[in-house]
Student: 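Mind looking over this structure? Questions follow.
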Amino acid sequence: PVIPCVVSQWSAWSGCAEPCKKTYRVRSRHIVQEPRNGAEPCPALRERAGCVEYRSRRGAECRQALLPALITTGGFGTARRKRAAADGSERAGYCVQFQLVALTPGCLHSQHSQHTHWMRQLRGGHTVCVECQPPALLPPGRHCRGDGSGSHLNQLLHWQAVGNHRCRGTWRRIRQLDSCSCPSVHSFLFI
C-alpha cells in the first residue's frame, strides 16, 4: 500500500537572523515517516519569514533608521511652544529636511477630516521640513525618534502620519538644520 509522508508540527519561530536589520526568521519541522510506494513527496521542512528586531542582542535600541518617524502638521508645534514657554521649559530643538520618495494613497483620502487635511501637502518629490522639539526630543542623544540620524547617505527611511494609519511612506534625509526656519507649507513635526 501507499504510505504517505508524515511530518512533525512546526517548531517555534527563531529570532531574527541579525538584530537591527531587516532580515528573516525561520521555523522547521522534521519527517516522522518517509513516503513509500509512490506516495506524494514530503512538504517543505523549513520556512522563512521577514522580520526586524528593534533591539540588539544586548538589549540596546537599534539605530534610528529602522524606526518610522511619526509626524503631524507643523502647526501643532506652535501650540507646543506656547505650552513650553508658559511653564518655563522652552528648550531648543532642530529641523531635518527630507525629500519625499513615496507615499501611500491613504494620504490623499485624508481630505474628509479637518484634523488630517494637512496630509494633502505630502507629495512625492517634494522637500519637507520636520521640526524636532520637546517633548519629542529624547535623551541621551537629544534627538527625535525616526529622524534618520546615523543613517547612510541616500538610505530610504520610513515615516507614518499621525491621525491616519493609512498615510505612510518613505523619504531620504537631506540635512539637519540646527536653527529651525521651516516654511509654513511642507512643514511637519516629529511626535
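Here the structure is a predicted model, which means the values were calculated and not measured. These values consider heavy atoms only, across backbone and side chains, with no hydrogens, waters or symmetry-generated copies.
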Student: Between E47 and W10, which heavy-atom pair has the shortest distance, and what is it?
Tutor: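 Heavy atoms of E47 and W10 come nearest at CG-CH2, 3.4 Å.
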Student: Measure the CD1-CD distance between I3 and E34 for me, rounded to the nearest 0.5 Å.
Tutor: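 One gets 11.5 Å once the value is rounded to the nearest 0.5 Å.
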Student: So, do L45 and S28 sit near enough that their side-chain heavy atoms are less than 4.5 Å apart?
Tutor: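 No - every pair of side-chain heavy atoms lies 4.5 Å or more apart.
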Student: Which heavy atom in Q160 sits nearest to a heavy atom in R166, and how many Å separate them?
Tutor: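 Nearest pair, atom of Q160 first, then R166: NE2-N, 4.5 Å.
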Student: Within a strict 4.5 Å, meaning less than it, do heavy atoms of the Q133 and L189 side chains meet?
Tutor: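 Counting from C-beta outward, Q133 and L189 do come under 4.5 Å.
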Student: Taking S11 for the side chain and R29 for the main chain, is one N or O donor matched with an acceptor at less than 3.5 Å?
Tutor: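 No, because the side chain of S11 does not come within donor-acceptor range (under 3.5 Å) of the backbone of R29.
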Student: Can you name the nearest heavy-atom pair linking C107 to R168, along with the distance?
Tutor: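 Closest pair (atom of C107, atom of R168, distance): SG-N, 3.8 Å.
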Student: Drop me the distance from I31's CD1 to S8's OG, to the nearest 0.5 angstrom.
Tutor: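 I31 CD1 to S8 OG: 9.5 Å, rounded to 0.5 Å.
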Student: Assess the side chains of R173 and Q176: does a donor N or O sit below 3.5 Å from an acceptor N or O?
Tutor: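 Yes, Q176 and R173 have a side-chain donor paired with an acceptor closer than 3.5 Å.
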Student: What pair of heavy atoms forms the shortest contact from V2 to A39, and how long is it?
Tutor: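 Minimum heavy-atom separation between V2 and A39: CG1-CB, 3.4 Å.
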Student: Look up atom CG in L157 and atom CD in Q99, then write down how far apart they are to the nearest 0.5 Å.
Tutor: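 The CD atom of Q99 is 12.0 Å from CG of L157, to the nearest 0.5 Å.
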Student: Below 4.5 Å, heavy atoms only, C-beta onward: do L156 and W171 meet side chain to side chain?
Tutor: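 A side-chain contact is absent here, since even the closest heavy-atom pair is not under 4.5 Å.
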Student: Are P43 and C5 side-chain neighbours, meaning at least one heavy-atom pair lies under 4.5 Å?
Tutor: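 Yes. Closest side-chain heavy atoms under 4.5 Å.
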Student: Looking at side-chain heavy atoms only, is the closest gap between L100 and V128 below 4.5 Å?
Tutor: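 In short, these two side chains touch, coming nearer than 4.5 Å.
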Student: With a 4.5 Å heavy-atom cut-off, do W159 and V130 have their side chains touching?
Tutor: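 Heavy-atom side-chain distance check fails, nothing below 4.5 Å.
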Student: Could you give the distance from NE2 (H30) to SG (C42), rounded to the nearest 0.5 Å?
Tutor: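 Nearest 0.5 Å value for the NE2-SG distance: 11.0 Å.
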Student: How are the rings of F190 and F98 set to each other: parallel, tilted or perpendicular (split at 30° and 60°)?
Tutor: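 F190 vs F98 ring planes: perpendicular.
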Student: Do R172 and V101 come close enough that some side-chain heavy atom pair is under 4.5 Å?
Tutor: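 Sidechains of V101 and R172: in contact.
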Student: Do T127 and I174 touch side chain to side chain, with heavy atoms closer than 4.5 Å?
Tutor: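 A side-chain contact under 4.5 Å exists here.
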Student: Heavy atoms only: give me the nearest V32-V7 pair and the separation to one decimal.
Tutor: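 In this case the closest contact between V32 and V7 is CG2-C, 3.9 Å.
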Student: Hey, is C132 close enough to C95 that the SGs sit under 2.5 Å?
Tutor: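 Cysteines C95 and C132 do not qualify as a disulfide pair, their SG atoms being 2.5 Å or more apart.
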Student: Run the side-chain hydrogen bond (donor to acceptor under 3.5 Å, both in side chains) check on H158 and T170 step by step: do they pass?
Tutor: CA-CA 4 Å; H158 298 272; T170 57; 6.0 Å; no
